[in-house]
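Read the structure below first, then the notes.
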Amino acid sequence: MAEQPPVAPPPLPSNADLAAIFDEIGSLLEIRGELVFKTVAYHRAADAIAHSPHEIARDYRAGRPPAIPGVGSAISDKIAEIVATGRLRFLDRLHGDVPPTLVELLEIPGVGPKTVRLLWERLGIETLEDLRTGLRAGTVGGVPGLTEKGIASLRAGVEALDRRSTRMTLGTAERIVAAIAARLAEAPGVRAVVPAGSFRRRRETVGDLDILVETDDPAAAIASFTEMPGVSAIVNAGTAKAAVRLAGGPQVDLMVMPPGRAGTYLVHFTGSKEHNVRLRALARDRGWSLSEKGFARLGEADERRPAAAESEAAEAGADDAGAAEVEPARGATELRTFATEAEVYDFLGLAEVPPELREDGGEVEAARAGRLPRLVDVADLRGDCHAHSDWSDGIHTIEQMAEAGRARGYEYLVLTDHSHGLAIARGLSPERVAAQRTVIAELNARFAREEAEGVAPAATPAAGFRLLQGCELEIRGDGSLDFDDAVLASFDVVVAALHQGRRQPRGQLTARVLGAIRSPHVDVIAHPAGRMLGERGRDDLDLAWDEIYAAAAETGTLLEIDGSDHRLDLAPERARLAVAAGCTLTIDSDAHRVEELAGIAWGVAQARRAWVGPGSVANTWSRAALLAWVGGGSRPATAGRAAGSRRATS
DNA sequence: GCCGTTTTCGGCCCGACTGTTTTCAGTCG
């Protein structure tokens with residue numbers, strides 16, 4: 001081999017790569033016993049990096065590092081070093097102090113940094129495999145701080161780790177939550193059952209489930225919970241909360257709320273942690289300590305007044321004697337409680353923040369300034385631009401899908417069976433497209449007749465309901481489109497998607513998607529990132545996203561948020577950037593069966609997480625407005641589009 | 001290590017549950 005060129009730049013790490021590095025640093029510092037706030041700072045920075053919409057390494061290399069909350073000069077310098085050299089000397093040195101394999105021990109439930117350090121320093125355990133071996137051989141123990149119970153807990157933790165479930169999709173979480181809520185509602189004294197946590201915030205996937213129960217009889221609720229079928233282990237159970245692990249499923253936490261005081265409980269257990277930290281800081285600024293129980297008045301000793309210590313006795317003596325009577329002896333401070341979340345936020349001087357925004361992504365500032373956006377809602381949607389029938393890979397008939405769309409009160413449902421290039425999904429040939437058109441026309445004739453006769457479903461809007469003919473058009477591996485122009489021009493709405501050749505290099509993949517965006521026939525790019533959540537997990541396609549957003553904004557091609565719970569694509573971070581770049585979105589169900597039409601709500605939730613308002617979502621528009629847009633008449637730029645190429649349907 | 005409608009220094013969210021350390025540390029959410 002010849003000598004390497006002297007200055008070949010190292011490959012660019014992804015945000016996930018960078019986040020993993022800083023998470024590792026945080027964990028190693030924890031094990032080393034570093035100041036907690038320092039380790040937290042690294043983890044916070046890692047989280048911010050992982051969720052940043054910027055391509056951070058690319059921006060650093062381009063010499064314009066983005067401002068990332070939680071990333072200060074020290075971590076910024078480290079990012080710069082990684083991007084420039086592909087290495088981080090700080091981490092290399094840290095590995096000399098603390099074996100990097102210790103991080104995997106932190107994954108064990110019930111095991112924290114102190115325990116890991118004990119295992120390492122006193123027993124020489126450096127890996128999960130070391131621990132497994134030691135537990136089997138009975139050599140773990142015999143040191144202070146590790147009792148028999150501690151060892152049993154370690155063993156249970158390792159077993160729990162081995163069968164740890166992956167994160168659930170929202171649909172799976174909803175099914176589990178609904179079953180538990182139905183059971184709890186039957187327990188005596190229960191007034192309300194409310195799902196909380198990341199499920200309520202509608203994160204794309206959910207790890208643990210959190211359920212709140214407002215009840216007069218906490219013991220009965222907790223007993224009902226821990227004794228329900230499907231529980232494989234009780235993690236803990238007290239008088240205020242309990243946690244169980246479901247067989248082959250997630251951990252579920254139950255919290256009890258005293259009646260009439262749900263406000264702070266809901267806020268606390270909905271989170272996120274980062275959002276709560278902000279709220280508590282606000283409360284503290286106002287002289288209150290915020291916990292799930294309510295707002296407790298901070299005592300003199302709690303106030304941050306460095307000079308107060310010496311004069312404390314004098315101040316106490318100077319206090320009004322009456323006040324001392326109102327606040328009995330010590331500790332028992334005034335507690336403010338609220339029935340609703342709105343009151344809690346109001347007490348902090350904030351507008352009520354929708355759960356989907358509670359991620360410390362600017363919502364606290366916006367709520368304080370009264371500038372929270374009006375978010376899109378399921379009720380805003382007048383149609384759905386992406387659904388399948390049994391003509392391709394759906395399971396219900398065209399008529400069943402249409403009737404279901406009509407029953408939802410839509411003005412339209414776009415039937416988007418696959419094009420023939422996606423053979424695995426029984427894609428339609430041009431001949432079957434033509435045959436399908438006849439079926440659709442007959443259905444629409446009946447719908448029009450029933451509307452005229454006043455026998456259409458009550459939910460039918462004034463404009464009536466029509467089934468529109470679309471297709472999910474395959475963007476082929478070579479970038480060409482799967483139907484010719486004449487066939488494409490015959491659809492009401494063309495939804496293009498890329499399913500094949502996912503591993504092509506970024507330039508080639510990007511060119512394929514840009515080609516579709518710039519086609520005069522393509523109206524929507526479906527699930528643009530091509531990601532899959534859950535067990536079928538697939539990462540986002542490696543696309544030059546800024547180019548995608550710019551081209552979509554320029555041509556008016558719509559970008560989809562796919563509501564299928566294993567897609568949710570675009571992801572919120574991307575959708576937020578796309579709208580900022582001037583793009584218009586659709587939120588679709590991608591339903592393959594009647595029941596999945598309701599899944600559009602998951603897509604709406606992701607749009608809300610992206611701060612998207614109804615004005616940026618094309619299927620909040622009337623059918624006429626949507627058709628005018630896709631026909632080219634009302635798009636921002638029609639250059640290159642074959643104006644009037646779309647046939648008029650309705 | 002980060003950060004500033006109190007602060008460029010001195011703070012950084014709070015409580016339940018567990019085990020056992022008879023007054024609290026560790027872990028978790």
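The figures here come from the full heavy-atom set of this structure, side chains too, leaving out hydrogens, waters and symmetry mates. In the text below, chain A, chain B and the rest are named by the order of the sequence lines, each starting its count at 1.
Contacts of residues 39-46 of chain A with DNA chain B (heavy atom under 4.0 Å): A:A41, A:Y42.
Looking only at distances, a side-chain donor or acceptor of A:S272 sits under 3.5 Å from a matching main-chain atom of A:R358.
Taking for each of A:W288 and A:I108 the nucleotide of DNA chain B with the nearest heavy atom, the 5'-most of the two is the partner of A:W288.
When heavy atoms are screened at a 4.0 angstrom cut-off, A:L106 is found touching no nucleic acid atom at all. Among the atoms of the strands shown, base atoms are found under 4.0 Å from some heavy atom of A:L35. Residue contacts shown for A:V36 are absent, as no nucleic acid heavy atom lies under 4.0 Å away.
If you check the side chains of A:H95 and A:E24, you find a donor sitting under 3.5 Å from an acceptor.
B:dC28 is paired with B:dG15 under the criterion used here, namely a Watson-Crick or G-U wobble arrangement in which both key atom distances are under 3.5 Å.
Between A:R87 and A:D92, at least one side-chain nitrogen of the basic residue sits less than 4.0 Å from a carboxylate oxygen of the acidic one, meeting the salt-bridge criterion.
No more than 12 heavy atoms of other residues, nucleotides or ligands lie within 6.0 Å of CZ in A:R44, so this atom counts as exposed by the packing criterion. Counted within 6.0 Å of CZ on A:R261, heavy atoms from surrounding residues, nucleotides or ligands total 12 or fewer; the atom is thus considered open.
Proximity of A:R284 to the phosphate of B:dC14: a side-chain N or O atom is located under 4.0 Å from OP1 or OP2.
Rounded to a whole angstrom, the distance from the P atom of B:dC17 to that of B:dT23 is 22 Å. With P as the reference atom, B:dT21 and B:dG26 are 14 Å apart, rounded to whole Å. Straight-line distance between the C1' atoms of B:dG15 and B:dC9: roughly 29 Å, to the nearest whole Å. Using atom C1' as the reference point in both B:dT5 and B:dG1, the two lie 24 Å apart (nearest Å). For the P atom pair drawn from B:dT6 and B:dC12, the interatomic distance equals 14 Å after rounding to whole Å. Separating the C1' atom of B:dT20 from that of B:dC14 is a span of 24 Å, rounded to the nearest Å.
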Table of protein N/O atoms under 3.5 Å from nucleotides 16-18 of chain B N/O atoms:
{"residue": "B:dA16", "atom": "OP1", "partner": "A:K293", "partner atom": "NZ", "Å": "2.8"}
{"residue": "B:dC17", "atom": "OP1", "partner": "A:T239", "partner atom": "N", "Å": "3.1"}
{"residue": "B:dC17", "atom": "OP1", "partner": "A:A240", "partner atom": "N", "Å": "3.0"}
{"residue": "B:dC17", "atom": "OP1", "partner": "A:K241", "partner atom": "N", "Å": "3.2"}
{"residue": "B:dT18", "atom": "OP1", "partner": "A:A237", "partner atom": "N", "Å": "3.1"}

Restricting both atoms to N or O, compile the protein contacts to nucleotides 19-26 of chain B shorter than 3.5 Å, with distance only.
{"residue": "B:dT20", "atom": "OP1", "partner": "A:T147", "partner atom": "OG1", "Å": "2.3"}

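The distance from atom CG of A:N276 to atom C1' of B:dC14 is 10 Å, rounded to the nearest whole Å.
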For this session: Take A:E365 and A:R278, measure what salt bridge (charged side-chain N to carboxylate O under 4.0 Å, His left out) needs, and give me the verdict at the end.
Result: CA-CA 10 Å; A:E365 291 76 6; A:R278 295 295 308 277; 2.9 Å; yes
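You'll find that the side chain of A:K38 is closest to B:dG1, out of B:dG15, B:dT6, B:dG1.
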